Colleague: 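Can you keep this structure in mind? I'll have questions shortly.
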Amino acid sequence: GLDISNLRAQSGLITFDPGFGNTGACKSDITFVDGENGILRYRGYPIEELAEHGNFIETAWLLIFGELPLKEDLARFRALLCAEELIHEDLLHHFNGFPSHKSQPMAILSAVINALGSYHTDLYDIHNKSEFFLAVGKMISKVRTIAAFSYRKSIGRPFMYPNPDLSYCHNFLHMMFSIPNKHYDPPIEAVKALSLVFMLHADHEQNCSTSTVRMVGSTQANIFASVSAGICALWGKLHGGANAAVIEMLEDIKAGNITIDDYIERVKRKEVRLMGFGHRIYKSFDPRARILKKAAHNLLANGFDDQLLDIALELEEKAINDDYFTERSLYPNVDFYSGIILRALGIPVVMFTVMFAIGRLPGWIAHWYEDFENPTTRINRPRQIYTGQTQRNYIPINFRK
Ligand code: ACO
């Protein structure tokens, strides 16, 4: 390995790496990505195998604790998730601090996750594995309650409380869509598709939001605050916000505001980006996009109808056969097809990035803990290349021009 003790002592040498494209900020055992060959593995398990045989909760355990769970692990985890699904009644007041209609679920989610920490200050400092386990259960369980409540708030509807008899994804859909005296009973395909979407978003090594969680965590900030910062980082349309931007783009084409060919021409003139295309790491097809493309087809073949899929397929076909995109290695990423699945499940666009956040939470937690456990973690503090003025003398106000 590299001996960093000398590097620590030196302060004169700075590498300039805009966007950190070539900077390894940490060592990590969690997720392996080979962008040239389109390979993604969680803790060594290929994403394709996990997608075929596993589910979101099992994947969350794998990412956070390092191994596939045993039966008793899963039973313990499920019991904890059920026990933690409610949020403190006082915490509900936070929702009232947001406008009734048109409130932004991402703003609510990041604020309430941070506020959640102040209801569990005993977990601000984690001393042992059982405290960590409890923090994991609280966040993974409550995030979907907070997310669903943020949606109900955004449409001005009363909250629907969780039902402990339901599975993780089913329970979330229930809190989203049930109304008093009429429980929403989603088809099994919908529950499975949601679990798949969450699972495929669960981790992706040092992406912007995960790096943010590690950055904030490196100050020894608590896990709730660190995750809340990650949620804010995810919000942007170049990151988690891309799934909503994809649907807006496809809707625009469907509404006849612009043709596919004209959209591609605008992309080439660099007026807009082809949303859901391109990736810092993947220079070939994103393996998650491959799985989701198939899942979108399956779902739509099972009675969920969406013309946007046809537009997406045509757009993809044109782009991947166009030199502008191939020269820049631009292929569909995870967000190109996830939005179509979410739409088919009835999830409104304003919730798309929140859905990404629920999926990414296990990854954030796993990375936060990896740094937390590592005794060599230092506060993250990049350097800069200063380009401002050299020294100047102070000018009294009457002499300034
Ligand atoms: N559409 C059109 N052109 C693109 C796109 C795109 N989606 N992405 C990159 N390019 C072009 C750039 O204009 C640039 O071209 P140039 O060399 O002629 O200037 C070249 O490809 C390289 O682009 P960068 O911006 O340097 O790539 P970077 O690695 O910084 O960005 C990103 C990656 C942000 C994902 C980018 O591809 C993008 O904006 N995609 C659209 C948004 C999106 O889908 N984001 C989701 C990412 S995945 C996720 O968060 C889960």
Side-chain angles (χ1 to χ4, degrees), residues 16-23 31 33 35-36 38 40 42 47 63 106 196-213 230-253 258 260-293 308 312 315-342 349 352-364 367:
F16 179 51
D17 184 16
F20 307 126
N22 294 299
T23 297
T31 287
V33 182
E36 297 299 325
L40 171 61
Y42 293 163
I47 195 69
L63 285 167
M106 279 300 274
L196 181 70
V197 169
F198 284 157
M199 179 200 292
L200 293 179
H201 284 84
D203 194 41
H204 211 243
E205 49 120 303
Q206 306 311 316
N207 58 87
C208 185
S209 54
T210 304
S211 305
T212 302
V213 171
I231 294 170
C232 293
L234 187 73
W235 198 346
K237 68 174 185 300
L238 295 190
H239 192 10
N243 53 14
V246 169
I247 294 296
E248 280 156 20
M249 172 182 82
L250 298 176
E251 289 276 18
D252 238 20
I253 295 171
I258 186 161
I260 290 180
D261 290 333
D262 287 346
Y263 196 90
I264 288 182
E265 285 314 309
R266 285 196 68 198
V267 172
K268 290 184 185 174
R269 291 198 300 273
K270 294 194 193 278
E271 291 167 9
V272 286
R273 286 204 161 184
L274 182 49
M275 299 315 288
F277 258 66
H279 198 276
R280 174 62 62 81
I281 308 289
Y282 291 120
K283 299 305 167 198
S284 64
F285 224 91
D286 178 338
R288 301 167 299 177
R290 250 186 239 289
I291 299 170
L292 285 179
K293 182 176 176 179
L308 292 195
L315 194 53
E316 176 196 320
E317 191 59 28
K318 288 203 162 142
I320 62 175
N321 289 307
D322 186 312
D323 289 349
Y324 180 92
F325 296 91
T326 48
E327 276 163 12
R328 290 169 178 75
S329 305
L330 299 172
Y331 296 94
N333 60 47
V334 65
D335 288 323
F336 196 68
Y337 287 105
S338 65
I340 292 178
I341 297 184
L342 294 176
V349 175
F352 279 15
T353 312
V354 169
M355 305 301 287
F356 192 152
I358 300 174
R360 185 55 54 91
L361 181 59
W364 290 331
H367 283 270

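A quick note: this is a predicted structure, and the numbers were derived from the prediction, not measured. Atoms within each ligand, like the ligands themselves, are counted from 1 in listed order.
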Colleague: Is there a polar contact, in the sense of an N or O pair closer than 3.5 Å, between F356 and ligand 1?
Modeller: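 No, there is no polar N/O contact under 3.5 Å.
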
Colleague: Does ligand 1 come near enough to R288 that some N or O of the ligand is less than 3.5 Å from an N or O of the residue?
Modeller: no

Colleague: Looking at non-hydrogen atoms alone, which of M275, R360, K283, E327 comes nearest to atom 42 (C) of ligand 1?
Modeller: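 Considering heavy atoms of M275, R360, K283, E327, the nearest to atom 42 (C) of ligand 1 sits in M275.
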
Colleague: Which one of L274, L330, L238 has a non-hydrogen atom at the shortest distance from atom 9 (C) of ligand 1?
Modeller: L330

Colleague: Count the heavy atoms belonging to other residues, nucleotides or ligands that lie under 6.0 Å from NZ of K237, then report whether that count exceeds 12.
Modeller: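 For K237, atom NZ is not crowded (no more than 12 foreign heavy atoms under 6.0 Å).
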
Colleague: Using a 4.0 Å heavy-atom cut-off, which part of V246 comes near ligand 1: side chain, backbone, both, or neither?
Modeller: neither

Colleague: Only one of D203, V213, L63 passes side chain to side chain contact (heavy atoms under 4.5 Å, CB included) with H367; say which it is.
Modeller: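 Among the candidates, only D203 passes.
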
Colleague: Looking at ligand 1, would G276 count as a contact under a 4.0 Å heavy-atom criterion?
Modeller: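 Yes, G276 has a heavy atom closer than 4.0 Å to ligand 1.
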
Colleague: To which of F325, F277, Y331, F336 does the heavy atom nearest atom 40 (N) of ligand 1 belong?
Modeller: F277

Colleague: For the atom pair CD (E248) and CG (N243), what is the distance rounded to the nearest 0.5 Å?
Modeller: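 Result: 10.0 Å between the selected atoms.
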
Colleague: Given that the side chain starts at C-beta and the backbone is N, CA, C, O, which of these parts of K270 lies under 4.0 Å from ligand 1, counting heavy atoms, or is it both or neither?
Modeller: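 The part of K270 near ligand 1 is the side chain, not the backbone.
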
Colleague: Under 4.0 Å from ligand 1, counting heavy atoms only, is it the side chain of R328, its backbone, both or neither?
Modeller: side chain

Colleague: Looking only at distances, please establish whether an N/O atom of ligand 1 is found under 3.5 Å from an N/O atom of D335.
Modeller: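 By distance alone, the answer is no.
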
Colleague: Out of all atoms in ligand 1, which are within 4.0 Å of some heavy atom of R280? Include the element for each.
Modeller: 28 (P), 29 (O), 30 (O), 33 (C)

Colleague: I want to confirm something. Looking only at heavy atoms, which of K237, R273, K268 is nearest to atom 31 (O) of ligand 1?
Modeller: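 Among K237, R273, K268, the closest heavy atom to atom 31 (O) of ligand 1 belongs to R273.
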
Colleague: Is it the case that more than 12 heavy atoms not belonging to Y324 sit under 6.0 Å from its OH atom?
Modeller: yes

